2 protein chains.
Amino acid sequence: MTRIDDVARLAGVSTATVSRALRGLPTVSAATRRRVQAAAEQLQYAVSPSASRLAGGKTGTVAVVVPRITRWFFATVVEAVEEHLHQNGYDLLLHNLGGREQMRRRVLRTASLHKRVDAVILVATPLRPADVTALTKLDLPGVTISSGSEVPGWPCVRIDDVAAARTATRHLLDLGHTRIAHISGDPDDELAFTTHLDRRRGYQEALRAAGLRPDPGLDVESQFTIDGGTRATAELLARGEPPTAIFAACDEMAMGAMTALRDAGLRVPQDVSVIGVDDHDLAGVLGLSTIAQPAAEQGALAARILLDPLGGRAEPYPGLVPVPRGADADGAPPPPVILPTRLVVRESTAPPRAH
Amino acid sequence: MTRIDDVARLAGVSTATVSRALRGLPTVSAATRRRVQAAAEQLQYAVSPSASRLAGGKTGTVAVVVPRITRWFFATVVEAVEEHLHQNGYDLLLHNLGGREQMRRRVLRTASLHKRVDAVILVATPLRPADVTALTKLDLPGVTISSGSEVPGWPCVRIDDVAAARTATRHLLDLGHTRIAHISGDPDDELAFTTHLDRRRGYQEALRAAGLRPDPGLDVESQFTIDGGTRATAELLARGEPPTAIFAACDEMAMGAMTALRDAGLRVPQDVSVIGVDDHDLAGVLGLSTIAQPAAEQGALAARILLDPLGGRAEPYPGLVPVPRGADADGAPPPPVILPTRLVVRESTAPPRAH
DNA sequence: CTGAAAGCGCTTACAG
DNA sequence: CTGAAAGCGCTTACAG
């Protein structure tokens with residue numbers, strides 16, 4: 001393997017100059033830089049990341065922590081983050097919690113991030129006080145995506161979950177539904193995040209605004225997955241008279257609900273309307289009405305926010321107000337960047353049948 | 001940050017001993033090890049990966065290259081790989097090609113992997129000769145998943161794509177179909193992989209075995225995505241009399257086909273049967289018949305194969321014949337490890353209507 | 001079983 | 001604009 005001194009020798013300069021020239025530092029004459037680049041090229045030189053990191057103190061790596069890479073939202077976010085990171089010369093270290101509480105603890109409270117990355121992007125990762133403490137001690141810049149994982153000094157990119165849920169519920173109300181069920185995340189789940197609490201709040205707010213009282217019998221908790229949606233809906237149906245509409249806290253739950261309804265002999269939307277949140281890739285295939293949220297945009301934006309101060313080559317996000325960075329001493333955390341959502345009406349929602 | 005000599009001082013030993021004790025090398029007395037561990041704990045010492053890598057020559061990191069993390073198969077593989085890797089103390093560097101040819105070149109022919117990882121897992125990544133050369137020059141151990149990306153000396157984990165396609169097609173034949181269309185990957189796509197060629201072969205073989213001649217008019221090429229399936233099916237329908245059944249090369253294409261059929265006013269399976277390959281998470285929700293392939297198992301197995309010789313702590317894969325490793329000089333590549341597939345019949349396939 | 005010393009391959013003040 | 005030298009924080013023969 002050729003090393004930096006091989007290049008230095010061939011170019012007739014010091015290793016310090018090679019280092020500066022190859023990294024594009026401005027304090028190198030154009031002629032020298034060309035000579036160094038030519039030598040590096042000729043020798044097929046590639047810097048040793050370990051040596052560079054040890055000497056320079058920067059890892060050129062960003063950790064991305066997601067609950068489950070197999071879920072649509074997280075995969076989409078990761079894809080967008082990855083693109084931005086690599087475009088800017090950063091590597092992406094992936095941590096997938098896989099839904100296991102013990103794994104989250106492993107990632108956040110041990111040395112998995114320590115001295116390994118320059119920054120962290122936390123996606124919908126629920127944080128206990130001990131996690132926040134551990135994260136703060138790492139003394140790294142970071143960005144969170146989704147609500148429920150606020151870290152002091154870290155910007156947060158997300159949607160307005162309460163508003164999204166309100167819009168979904170109002171859509172059902174506007175169609176004439178009054179028996180509207182809600183299926184959502186389980187707070188007893190060790191990996192519970194607060195997203196589902198916000199979505200439930202929006203659901204209840206919309207009902208109340210329409211003069212209806214939320215009925216606990218129509219509110220079932222389960223996992224944020226297809227199976228979770230199926231199980232929640234099966235339970236709902238087992239409780240007695242079915243609702244005329246279901247607002248699922250995410251599209252995957254909504255899809256599970258559609259399965260359970262079909263298995264119970266109920267038609268969507270003739271017997272029961274269903275709406276979710278996400279605009280999953282397959283929402284169109286299933287004709288699922290939903291509240292679309294910009295997943296890729298959230299990932300891209302988070303990466304940008306991170307990369308700007310890190311010295312990435314990204315241009316500033318167009319129209320983005322500079323995000324306050326670093327723990328503002330005793331100040332307030334930076335305000336969240338809230339991206340817009342949008343009601344998408346497909347075939348899964350319709351007026352209730354006349355009685 | 002506490003360093004190794006802080007621990008050495010507190011424990012009253014040399015840094016060499018600390019290094020050995022903390023890494024669990026056998027040449028340390030139990031008493032010393034305990035003392036070192038206690039000191040490390042007390043000081044909250046965590047080894048500096050960069051220093052360790054530079055001195056030791058190992059990165060403790062594995063690169064995983066996938067075409068698109070947003071597709072079901074790849075996300076599922078990555079999740080399984082991630083779990084094994086982290087369980088064994090390895091970090092996972094994610095490279096998502098995002099369907100762009102130029103990105104593949106970037107990853108495979110530049111320094112993105114050079115000196116950064118101890119090994120590589122390549123998932124369904126199409127390789128040109130230049131890529132193989134670059135990869136070989138890296139001189140790293142690796143495993144490929146899926147066909148179409150053979151690297152000399154690297155074990156390959158996959159399914160039998162030809163057989164899977166044969167089974168799917170035979171299922172349609174057995175139901176009585178004779179006008180069976182096929183929608184598959186586009187060989188003109190810069191990111192084309194050979195999986196779809198194998199699946200087409202199986203399709204044609206099954207037809208021939210039934211005494212039918214493959215009709216080029218019933219064979220449409222498109223992307224391996226939902227949209228690709230929709231477009232391919234739309235084109236198929238535009239060609240004239242629709243087929244009575246469609247074998248899609250993957251579930252995502254099959255789902256796209258279902259959408260296109262619905263939009264054309266055709267019912268599944270009454271008018272057209274549809275079958276895919278994968279057993280996607282949502283295949284059940286859509287009632288899609290398919291050939292199930294073990295995605296997570298392929299990922300887990302690839303990680304295991306890689307980790308064993310790397311000195312991971314994984315137990316040998318139960319029942320796995322030791323996989324030949326390293327370029328066998330001028331010998332043959334190691335034989336692929338082929339995992340079983342399984343026909344799953346749901347509601348999307350049925351006998352054709354009587355004429 | 002343990003230690004002293006060299007070395008891994010860079011980057012960074014510092015000096016000019 | 002460039003170089004000599006120190007230093008980043010470990011691991012690894014080597015010797016005992």
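In this text the structure is predicted, and so the values were computed from the model without any measurement. In the text below, chain A, chain B and the rest are named by the order of the sequence lines, each starting its count at 1.
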Gap separating the CD1 atom of I145(A) from the CD1 atom of I121(A), nearest 0.5 angstrom:
5.5 Å
Partner of N96(A) by side chain to side chain contact (heavy atoms under 4.5 Å, CB included), out of V64(A), T70(A), V66(A)
V66(A)
Interatomic distance, L97(B) atom CG to L122(B) atom CG [nearest 0.5 angstrom]
8.5 Å
Taking the nucleotide of DNA chain C with the closest heavy atom to each, which residue, G56(B) or T15(B), is nearer the 5' end?
T15(B)
List the residues meeting side-chain contact (heavy atoms from CB on, under 4.5 Å) with A39(A), not counting sequence neighbours, and say none if there are none.
V7(A), L10(A), A11(A)
Separation of T61(B) OG1 from L92(B) CG (nearest 0.5 Å)
9.0 Å
Out of curiosity, L306(A) CG to Y90(A) OH, how far, rounded to the nearest 0.5 Å?
8.5 Å
S50(B) versus L54(A), closest heavy-atom pair with distance:
CB-N, 3.7 Å
With D5(B) via salt bridge (charged side-chain N to carboxylate O under 4.0 Å, His left out) - residues at least two apart:
R3(B), R9(B)
Expected output is a numbered-order residue list: members of residues 17-40 of chain B with a heavy atom under 4.0 Å from any atom of DNA chain D. What is it?
S19(B), R20(B), R23(B)
Go through DNA chain C in 5' to 3' direction and return only the first and the last nucleotide with some atom under 4.0 Å of chain A's heavy atoms.
dG9(C) to dA13(C)
Annotated structure of DNA chain C as dot-bracket, pair cut-off 3.5 Å, Watson-Crick or G-U only, | for inter-strand, is |||.||||||||.|||
Not counting sequence neighbours, list each pair that qualifies as a side chain to side chain donor-acceptor pair (under 3.5 Å) and has a residue in residues 27-36 of chain A.
S29(A)-T32(A)
Would you say the side-chain atoms of T133(A) and T136(A) include a donor-acceptor pair closer than 3.5 Å?
no
